[in-house]
Structure formats: C-alpha cells, structure tokens
Amino acid sequence: MRFSKAFIPTMKESPADAEIPSHKLLVRAGFIRKKASGLYDILPLGTMVIRKIERIIREEMDRAGAQEVILPIMHPAELWIESGRWEVYGKEMIKFKDRHGRDYALGPTAEEMITDLVRKEVKSYKDLPLNLYQIGRKFRDEIRPRFGLMRAREFIMKDAYSFHASDEDAEREYWNMYETYSRIFSRMGLEFRAVEADTGEIGGKFSHEFMVIADTGESSLVFCEKCGYAASTEKAEQLKPEEPKGRDKEFKSIEKVATPGIKRIEEVSDFLNVPPQKVLKLLIYVVDGKPVAVAIRGDREVEEAKLKAVFRGSEVRLATDEEIEKFTGQPKGYLSPVGLKLPVYADFTVIPMVNFVAGAGEEGYHLINVNWGRDFEVKEFVDVARVVGGDPCPRCGSPLVEKRGIEVGHIFKLGTKYSEAMGATFVDESGEEKPLVMGCYGIGVTRVMAAAVEQNYDENGIIWPVEIAPFEVIVIPVNVKREEVMGLAEEIYEELKKAGVDVLIDDRNARPGFKFKDADLIGIPVQVIVGKKAQEGIVELKVRKTGERREVEKSCIIEEIHNLLQDLR
RNA sequence: CGGGGCGUGGCGCAGCCUGGUCAGCGCGCUUGGUUCGGGACCAAGAGGUCGGGGGUUCAAAUCCCCCCGCCCCGACCA
C-alpha cells in the first residue's frame with residue numbers, strides 16, 4: 001500500500017468529544033470516524049485491523065470444530081416473543097415494522113435465530129454436537145453509548161452457539177471454547193485473563209469473561225498469581241475465615257454511648273476513635289419486594305451481584321428511608337442488629353469481629369462492645385462482600401491482585417433455557433425426545449480493536465501487536481526527491497511484499513518529521529527508515545514499541561525484519 | 001431518565017457575561033517559492049446558514065423561549 005494513495009486521514013489534535021486513549025487515538029490516527037452517538041465509520045486502517053482480528057477468530061473457531069454461518073440481521077418478532085425476550089430485552093432492542101406492519105428487531109444477539117434454525121433441522125442425537133458461529137453486526141440501543149468503540153450501538157461481534165445431547169457434552173464444548181478463546185486472545189498479543197463471571201439468572205458455574213487488562217477497563221477483576229484463580233469482582237469469592245477459638249473469652253460488656261448526629265461509618269469511626277473495621281455496617285436491602293438485613297464489616301462494601309446470587313433474587317436494591325423505618329422501626333443511621341425484627345445475615349467479614357461498634361437502634365446512640373452470638377443471632381453467614389486486592393485467594397490463601405479489565409469475550413453454558421422455550425428437541429438413543437443442551441460464546445470484535453489500543457499506546461500514538469496491526473512494516477523514504485533514497489525504498493518495499501509482509505510505503509512528498517509522527521501515531525510495529533546512508537545501501541530499522549533503532553545493510557533487511565517481527569509476536 | 005457541560009470554516013479553540021467597528025486565531029486545505037532525519041518558513045488565496053426555529057431590539061454569535069445534536073457523571077449515610 002502506498003501512503004500517497006491511501007485514505008488515512010490523520011490529525012494533530014484529538015477530537016473534543018473523545019475521552020479515553022483508544023477513542024482519541026483511533027480517531028486521530030485515521031482508523032475510525034464518528035457518525036452519530038455510538039455509531040462509527042471504520043476507515044481502511046480500522047477495517048484492516050478488524051479483518052485481522054476476524055481472521056484469527058475464524059481460524060481458531062474452525063480449528064475447534066465450529067462452522068460459520070450468516071444469519072439475517074433483521075429478526076422476526078415472533079421468535080423473540082416465543083422465547084419471552086421481546087419484552088424483557090425491551091428498550092435495548094431496535095424494533096421496527098416492515099411495509100406490511102410486521103414487527104422486527106435488529107439483532108442484539110442471536111439465540112432465537114440460531115435455535116430456530118437448529119430446531120427445524122436437527123432431529124436426532126446423530127446430528128449432534130453442533131457449534132455454529134457468525135461474525136457480523138449487532139445492534140444494541142444502549143442507554144448511554146460511550147468511550148468510542150467500547151460501548152457502541154452498532155458493533156461487530158462473533159457469536160457462536162453450540163447444541164448438545166447431554167449436559168456433559170455441553171460442558172466438554174464449554175471447555176473447548178475456553179481453550180479456543182485463550183488461544184485467540186494470546187495470538188492477538190493481548191494481556192488478558194479468563195475470569196469466573198456472574199451467571200445472572202441462569203446460575204451455575206459455567207460462565208467466564210475474557211478480560212483484556214487495561215486501566216481504563218469498565219470492570220474490575222481479581223486474580224491469584226500463585227494458583228491461577230481469577231474472577232470478576234461481581235463474582236469473586238471470599239475465603240471464609242475461621243471463627244476464632246475462644247472468642248467469647250474476649251467479650252467485654254456491651255455499652256450504649258451517645259453519638260449525636262453521627263451516622264456514617266467514617267464519622268462513627270472518627271468520633272469513637274475506632275477503625276472502621278471495628279464498626280458493623282447494617283444494610284437493609286429489598287430483594288424481590290422482601291426486606292433483608294445484611295451486616296458487613298464497616299470498611300467493606302456489599303457486591304449486589306453476589307447478594308442477588310445468594311438470595312436468588314431477580315431484583316435487588318437498597319431500601320428507601322421510609323422502608324427502613326417501616327421494616328425495622330429504627331432510625332436510619334443508627335440501625336442495630338441488637339433487637340432487630342428482621343433476621344440478620346452477616347457477611348464473612350463479620351465472623352472474626354469481636355467487641356465491635358453498632359447502631360443502638362435509637363437516634364443519637366451507638367453500642368460498643370457488641371458481639372454476635374451473644375447480643376444478637378446471625379441467621380446465616382453469607383459471602384456478599386466485594387473482594388478487593390490483597391484479600392486472600394479463596395482457593396489457596398495467597399493475596400489476590402486486583403486490576404481493571406475490558407470484557408472482550410464471554411462464554412456461557414446456557415442449558416435448555418432457549419431450547420425449552422422454543423421447543424428445540426432431539427430424539428436420543430433410546431428414542432426419547434429431549435431438549436437440546438446449549439452453550440453460547442461471544443467475542444466483541446470492534447471492542448477488541450479498542451481494547452488492544454487501550455492496552456498498547458504511548459504519548460506518540462498506538463503500538464499495535466504485530467498480529468492485528470494494519471501493516472507489519474512501514475517503509476519511510478526520508479526524501480522522496482532523492483533518487484537513491486526513493487529507489488532503495490521502493491526496492492525494499494517490493495521485496496517485502498514479495499516476502500508476504502504487510503507493508504506500507506510512505507511515498508508522500510512530506511518532511512521527514514511529519515512522516516515519523518504519522519508512523520508512530522498509526523502504530524505500525526516496524527519502521528524502515530531510508531535516508532542519509534541510502535547511498536551506501538544502509539537503512540535504519542526502528543521498533544515502534546521499544547524505540548530501539550539499528551542500522552542494517554540492504555542485503556539482510558528482509559531477514560532482519562522477519563526476525564524482528566518474530567520477536568515481537 | 002435525572003444532573004452537569006458543550007455546539008462558531010475540515011480539526012482544535014477565542015469572542016457571548018457588558019448586543020453595534022465581531023466573523024477572529026492556530027492547525028489543515030489551494031497556488032508559487034525556499035526547505036528536507038522528528039508535525040518547516042515566506043507570500044498569495046479559498047472556505048463559515050456562529051446547531052435549528054421563534055422572539056426581544058433600530059441592531060443578535062452575543063439577551064429570552066422552544067427544539068435538535070454531542071460529551072461527562074449517575075447505588076454504597078442504614
């Protein structure tokens with residue numbers, strides 16, 4: 001590709017509406033342009049990156065035994081009504097009517113579409129298992145699209161769906177996809193973690209999110225460097241502490257102290273001069289309309305996703321002030337587990353607590369030297385606290401590391417949710433009709449592009465991993481008017497092309513500094529600078545990532561570049 | 001949806017409070033020339049319904065009303 005002919009509109013300044021690095025840089029470097037909120041044009045460079053990402057995904061999915069299909073983007077409403085999701089998916093789905101008044105949606109995901117296809121064609125266990133995938137556009141009318149490609153309303157996704165005769169086989173495929181995804185993201189040169197994820201209403205342990213590690217990530221995760229445990233903080237478990245032996249021997253007598261106007265944990269902690277870890281926080285939640293009292297150590301936070309899982313609720317929220325009064329008869333800010341009308345569920349963090357502070361159940365007073373078991377009963381110890389970095393690993397006890405991540409992939413064992421709703425059945429070996437067992441597996445292709453930038457950039461621009469870089473090499477003739485410079489540059493360019501290297505030549509009649517800036521900005525991994533020593537047949541190789549430069553004699557350029565690219569992979 | 005901010009040539013912005021001499025700057029673009037290893041310089045140019053509509057006024061980018069678009073934030077006192 002010749003830069004002079006290519007559509008690569010770079011710019012010096014970041015667009016005013018871009019916030020995060022990937023958004024700014026992808027726009028500045030000419031990979032994308034915004035069309036409207038959450039909608040982007042993907043320019044030639046961006047398209048090249050997307051194609052490379054897709055190619056890796058295709059190769060690995062095919063290798064794993066999946067087969068590619070292309071399903072309509074327009075989804076007939078009937079299928080969504082059948083699965084019960086027409087209403088549930090609600091506002092996020094873009095719905096419209098055709099000229100006959102029939103309802104359709106632009107597909108946000110394709111469980112219904114694929115299940116419909118498979119239920120019509122698959123009748124016997126002999127046709128199973130089956131894993132079908134597609135790479136295409138998805139539409140989600142997000143409440144608030146943001147961060148460029150990170151949360152767009154139209155995006156490219158690879159979605160795969162597998163069908164099985166048994167739970168065991170679905171599980172086997174789940175782990176097959178787990179391995180496949182790990183290979184895919186490794187090949188892309190990304191630092192990632194597969195974390196145990198919250199499974200929402202479906203339940204079970206079979207859901208992993210693949211997170212690209214980046215400070216700007218929307219979700220947080222913890223992992224153990226020793227045993228490999230990794231989980232989203234929406235899911236991460238706590239190591240259950242032992243109840244200290246003889247803790248009752250330490251019990252002091254409970255006392256009521258005046259704490260006028262002191263409500264918040266920090267205020268209480270300051271006022272009574274005790275660390276927040278010695279204060280009990282009591283929260284009233286409403287789980288599917290019913291009040292639940294949850295006690296937790298004062299410095300910790302409740303992870304609502306975990307709470308939801310523990311109480312198997314579909315809707316969890318904090319109680320309002322009025323509800324608190326109604327449910328407990330106590331004033332907000334001074335809630336006490338002692339004498340509480342509701343059963344107290346206590347987080348694991350409460351187990352080791354002794355002689356702690358709690359509200360007194362009346363305005364302006366707290367209790368000190370409170371002890372569970374003596375002063376109030378704990379109905380059950382539950383694991384609802386949000387795990388943070390430094391907490392012990394639930395598997396091996398080593399300290400966990402906490403990082404932020406961008407979710408680029410998600411694998412899920414669906415079970416029979418859709419097959420039952422939509423009557424997708426098969427006949428097994430004994431002639432019995434059963435629902436198909438399903439799994440689904442997604443990768444956000446456009447998001448991978450953004451995440452790769454988010455993880456790989458510096459003050460000068462993007463630094464693409466070789467495997468997904470739009471070009472592997474850029475040849476920069478420093479002065480296109482000097483024959484020996486241009487001649488050598490062209491020669492190298494042709495040779496690299498012949499050698500199968502993706503190469504761009506910056507044949508623009510521009511000053512060198514300008515070209516260097518652009519080359520850094522668009523992030524091509526290896527730069528070949530043809531300049532001063534062209535006459536002697538010597539060029540300079542520069543590695544974008546490290547800034548390392550070395551002079552190379554013309555005859556060994558191809559070999560040197562191959563080695564460099566190999567090292568960078 | 002609630003809260004905040006923004007909308008002025010392709011991009012980044014100033015001007016708005018205190019209406020008039022306010023259509024401006026930098027970058028980019030065109031032409032000519034000089035330059036040529038880290039976003040050059042000189043000269044001459046082109047390019048704008050000041051988001052849209054309505055209103056106030058002798059006069060509106062500027063004040064008022066409505067609409068549209070874009071960005072950011074949105075639980076954790078129990």
Side-chain angles (χ1 to χ4, degrees), chain A residues 9-20 23-24 27-28 30 33-39 91 143-148 151 259 261-269 276 279-286 291-296 298-305 307 316-337 340 342 344 358-361 363 366 384-386 459-461 476-482 485-486 506 508-521 527 529-534 539-540 542 547 549 551:
Chain A
T10 60
M11 42 200 217
K12 223 169 183 176
E13 283 172 294
S14 299
D17 56 11
E19 195 75 11
I20 61 169
H23 188 192
K24 289 181 179 171
V27 173
R28 272 191 64 201
R33 284 292 184 267
K34 184 167 71 190
K35 184 101 299 176
S37 180
L39 301 175
K91 328 103 239 157
I143 310 172
R144 182 148 92 85
R146 71 191 116 167
F147 303 145
R151 188 166 296 277
T259 51
I262 306 293
K263 297 182 178 186
R264 323 180 58 154
I265 298 292
E266 311 89 83
E267 290 168 356
V268 172
S269 159
V279 181
L280 189 81
K281 182 151 82 180
L282 189 61
L283 301 139
I284 309 298
Y285 277 91
V286 178
V292 172
V294 178
I296 184 167
D299 60 330
R300 290 310 187 102
E301 285 169 17
V302 169
E303 172 55 57
E304 288 186 10
L307 191 69
V316 169
R317 61 175 174 83
L318 282 165
T320 62
D321 295 6
E322 298 75 54
E323 286 171 327
I324 292 171
E325 302 267 342
K326 192 176 91 195
F327 295 141
T328 67
Q330 298 182 2
K332 182 184 140 177
Y334 300 96
L335 285 190
S336 178
L340 189 72
L342 298 169
V344 176
E363 187 75 33
H366 275 80
V384 295
R386 185 181 182 282
E459 64 282 4
N460 295 314
I476 307 174
V478 153
N479 186 331
V480 297
K481 286 182 183 158
R482 278 206 205 125
V485 169
M486 207 48 204
D506 194 347
R508 295 174 299 175
N509 180 18
R511 293 167 58 83
F514 190 88
K515 295 187 184 185
F516 295 148
K517 288 286 184 193
D518 263 355
D520 285 350
L521 178 62
Q527 302 173 5
I529 300 159
V530 184
K532 287 187 281 229
K533 298 190 179 169
V539 300
E540 188 175 293
K542 180 187 158 192
R549 297 155 187 274
E551 290 192 339

How many angstroms lie between atom [atom1] of [X] and atom [atom2] of [Y], to the nearest 0.5 angstrom?
X	Y	atom1	atom2	answer
A:I143	A:R151	CD1	CZ	9.5 Å
A:N460	A:K517	CG	NZ	5.5 Å
A:K281	A:R264	NZ	CZ	10.0 Å
A:F516	A:D506	CZ	CG	9.5 Å
A:N509	A:N479	CG	CG	7.5 Å
A:T10	A:L521	OG1	CG	6.0 Å

At 4.0 Å (heavy atoms only), tell me whether [X] reaches a base, stays on the sugar-phosphate, or touches nothing.
X	value
A:E540	base
A:G531	base
A:V478	base
A:R482	nothing
A:I284	nothing
A:S14	sugar-phosphate
A:F147	sugar-phosphate
A:A18	nothing

Take atom [atom1] of [X] and atom [atom2] of [N], then tell me their distance rounded to the nearest Å.
X	N	atom1	atom2	value
A:I20	B:C72	CD1	C1'	13 Å
A:E551	B:G37	CD	P	15 Å
A:K24	B:C11	NZ	P	17 Å
A:R151	B:G74	CZ	P	13 Å
A:D17	B:C73	CG	P	13 Å
A:N509	B:G37	CG	C1'	15 Å
A:R146	B:C72	CZ	P	8 Å
A:L39	B:C71	CG	C1'	15 Å

Between [N] and [M], how many Å separate the two [atom1] atoms, rounded to a whole number?
N	M	atom1	value
B:C6	B:A44	P	37 Å
B:C68	B:A75	C1'	32 Å
B:C17	B:C36	C1'	49 Å
B:A40	B:G4	P	44 Å
B:G3	B:C67	P	13 Å
B:G69	B:C63	C1'	23 Å
B:A60	B:U21	P	11 Å
B:G20	B:A61	P	9 Å

So if I take every side-chain heavy atom of [X] and compare against [options], which nucleotide ends up nearest?
X	options	value
A:K281	B:C36, B:C72, B:C76	B:C76
A:E13	B:G26, B:C13, B:A75	B:G26
A:R144	B:G74, B:C77, B:A75	B:G74

request  = Test side chain to side chain contact (heavy atoms under 4.5 Å, CB included) on A:E363 and A:K263 and set out the steps.
outcome  = CA-CA 9 Å; A:E363 187 75 33; A:K263 297 182 178 186; 4.2 Å; yes
task = Using the side chain to side chain contact (heavy atoms under 4.5 Å, CB included) rule, take A:E323 and A:L318 through it: C-alpha gap first, then chi angles, then the decisive distance, then the call.
result = CA-CA 9 Å; A:E323 286 171 327; A:L318 282 165; over 6 Å; no
query = Between A:S37 and B:C71, does any side-chain N or O lie under 4.0 Å from OP1 or OP2?
reply = yes
Residues in ring-ring contact (aromatic ring centres under 6.0 Å, His included) contact with A:Y334, at least two apart in sequence or another chain = A:H366
Does the structure show a Watson-Crick or G-U wobble partner for [N], both distances under 3.5 Å? Name it, or say none.
N	answer
B:C16	none
B:G74	B:C1
B:A40	B:U34
B:G69	B:C6
B:G48	none

inquiry  = How would you summarise protein contacts on nucleotides 38-51 of chain B per nucleotide, using B for base, S for sugar-phosphate only and - for none, with heavy-atom distances below 4.0 Å?
reply    = BBB-----------
key: Earlier contact from the 5' end, RNA chain B, for A:E267 and A:P15   =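 The residue mapped nearer the 5' terminus is A:P15.
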request  = Grab the two heavy atoms, one from A:D520 and one from A:K542, that are nearest each other, plus how far apart they are.
outcome  = OD1-NZ, 3.0 Å
